[in-house]
Amino acid sequence: MAKDFSTRAENYSKWYNDIVQRAELAENSAVRGCMVIKPYGYAIWENMQAALDKMFKDTGHSNAYFPLFIPKSFFSKEADHVEGFAKECAIVTHYRLKNDPEGKGVVVDEDAKLEEELIIRPTSETIIWDTYRNWIQSYRDLPILVNQWANVVRWEMRTRMFLRTAEFLWQEGHTAHATKQEALEETHQMLDVYADFAENHMAIPVLKGIKSENERFAGAVETFCIEALMQDGKALQAGTSHFLGQNFAKAFDVKFASKEGKLEYVWASSWGVSTRLVGALIMAHSDDNGLVLPPKLAPVQTVIVPIYKTEEQRRIVSEKAVEIKNRLEKLGVRVKFDDRDTHKPGWKFNEYEFKGVPVRIAIGPRDVENGTVEVARRDILKKEIIANDQLDQTVLSLLDDIQHTLFRRALAFREENTRTADSWEEFKQILDEKGGFILAHWDGTAETEQKIKDETKATIRCIPLDDDKESGKCVFTGKPSEKRVVFARAY
RNA sequence: CGGGGUGUGGCGCAGUUGGCUAGCGCACUUGCAUGGGGUGCAAGGGGUCGGAAGUUCGAGUCUUCUCACCCCGACCA
């Protein structure tokens, strides 16, 4: 097979970029740091949105929409929050252009300066909590369970397709509760929703945990996360759920009258996942032949490629293909019949392989004669000839099997690449030679974490939520520790 | 913002001790053959050489300025 793209071993980041480009997921735009998400890539995101949106609705949430622009003053109300985002905000200062008096194009009209600058949202806590103040007076107004699908802007220095771009798409849930307990339960519930989505839809195993102080969301009391491991041994945060305590309620003066008639501050949570998940999907499953997609999120689950020489053969084969397409669609399968005469079958095989279509069906004159079809699966690149009357069942079980095979494969990879380190030497050696997750003891201080980061670039991805307590000594300082935490180099 | 690099048809590149019609691969168009894993042959279309100024008989090539993008660092989902 002709190869004109990189392999993972040759150059992992080039391999990633090649897949994004060649599979037509996205491309760089004329705007620095911003990408164009192409139809095929956007279709994956839409499938993610559809599944997540249903899960949000099923847990009682409703969608709403808040402004893109946030008055600058809002940001200064929560101290940690400002500090966390100040360095990456885009700011609107003017509202009008005019013709350049020098004659070329348009220039900013300096007379149209805004009284108060507007920040383009890097996240919406401030504008939403300013709004919630008006929505909440009594315990009867609680809880508020709102989600919004939106774009946000964080002015990044270094960007990578899907993983880090200046503008990205995401959903952010913002909830308000009468009690700390309820807000915490919500935080955990949504973390579970994310883990469920990652594992059962994306087929990516994730670790659930708590972020260390250094990695915590600016303004949160506690940040929970799901962490996934990519094929190059680096970790990727796939979703976060924050317990915000009463921080934003206090900053925006959001109080409610309790049953007892006392005025109390509202408790909050926020949680989000972004188009970064598309990047995770690529890096978790794809191989040196291109993209590999889990059936549940694949825009096309099964593609039918006709094979023929003469017009007569084309007619016969197409007729059969259309019949199969209709049959499979009735079963709920997303099918594409590629009847373009402008490309040859071999070309199409490579095309769909590169685009990660889980199942491919090829039908030629021989098949029509014999009552068979050729069925190929993308995950393990195997194909077989089966009888036409077994096709429905075969495709359904193949889709199911591919979904599970991808998960098992990713899980096996993570297990192979999760190691314990009990000495500093061992820690550094694993990191340099193998990467992956490292389970090690840590003395619990931000200073130690920072020193480890400075020396190795590895950070604490999370403090696992499981209750495996084990006393030991910090891998860096030797001070006592009661639990292992997860270290890794991360995206 | 610090260090390094690159700008030449849609994409990837060559050409750079100044020299005449600026070239190659892929892609594109047309025709014929081909069609069960990226098809072959033939013909064809397409370029202000990032921009500006300068040196020169002559600039893709030299000089100065400028713009853009990429890579490495600090920051981050």
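Just so we're clear, the structure is a prediction, and the values are computed from it rather than from any experiment. Throughout, protein chains are lettered first and strands after them, A, B, ... in sequence-line order, and every chain is numbered starting at 1.
The shortest side-chain heavy-atom distance between A:Glu374 and A:Ile363 does not fall under the 4.5 Å cut-off.
Distances were taken from every side-chain heavy atom of A:Lys309 (C-beta onward) to each of B:G35, B:G36, B:G38; the shortest belongs to B:G35. Checked against B:G38, B:G36, B:G35, the side chain of A:Trp347 finds its nearest nucleotide in B:G38. Of the listed nucleotides (B:G38, B:G37, B:G36), B:G37 has the atom at the smallest distance from the side chain of A:Lys383. Comparing B:C75, B:G36, B:G38 by their closest approach to the side chain of A:Lys344 singles out B:G36. Counting only heavy atoms from C-beta on, A:Asn350 has its side chain closest to B:G38 among B:G35, B:G38, B:C75.
To the nearest whole angstrom, the two C1' atoms, one in B:C1 and one in B:U48, are 35 Å apart. For the P atom pair drawn from B:U39 and B:C75, the interatomic distance equals 49 Å after rounding to whole Å. Remark: the separation of the C1' atoms in B:A14 and B:U6 is 15 Å, to the nearest Å.
Each of A:Ala238 and A:His343 lies near RNA chain B, and the nucleotide nearest A:His343 is the one positioned closer to the 5' end. Between A:Ala166 and A:Ser13, the residue whose closest nucleotide on RNA chain B is further toward the 5' end is A:Ser13.
Taking side-chain N and O atoms only, A:Lys457 has a distance below 4.0 Å to OP1 or OP2 of B:G73.
Aromatic pair A:Phe162/A:Trp45: ring centres not closer than 6.0 Å.
A donor and an acceptor atom, one from each side chain of A:Tyr16 and A:Asn11, are nowhere located under 3.5 Å apart. Side-chain contact, A:Glu125 with A:Thr123: a donor N or O sits under 3.5 Å from an acceptor N or O.
With hydrogens and angles left out, the side chain of A:Arg360 and the base of B:G37 share a donor-acceptor pair within 3.5 Å. For A:Arg22 against B:G12, a side-chain-to-base donor-acceptor contact under 3.5 Å is absent.
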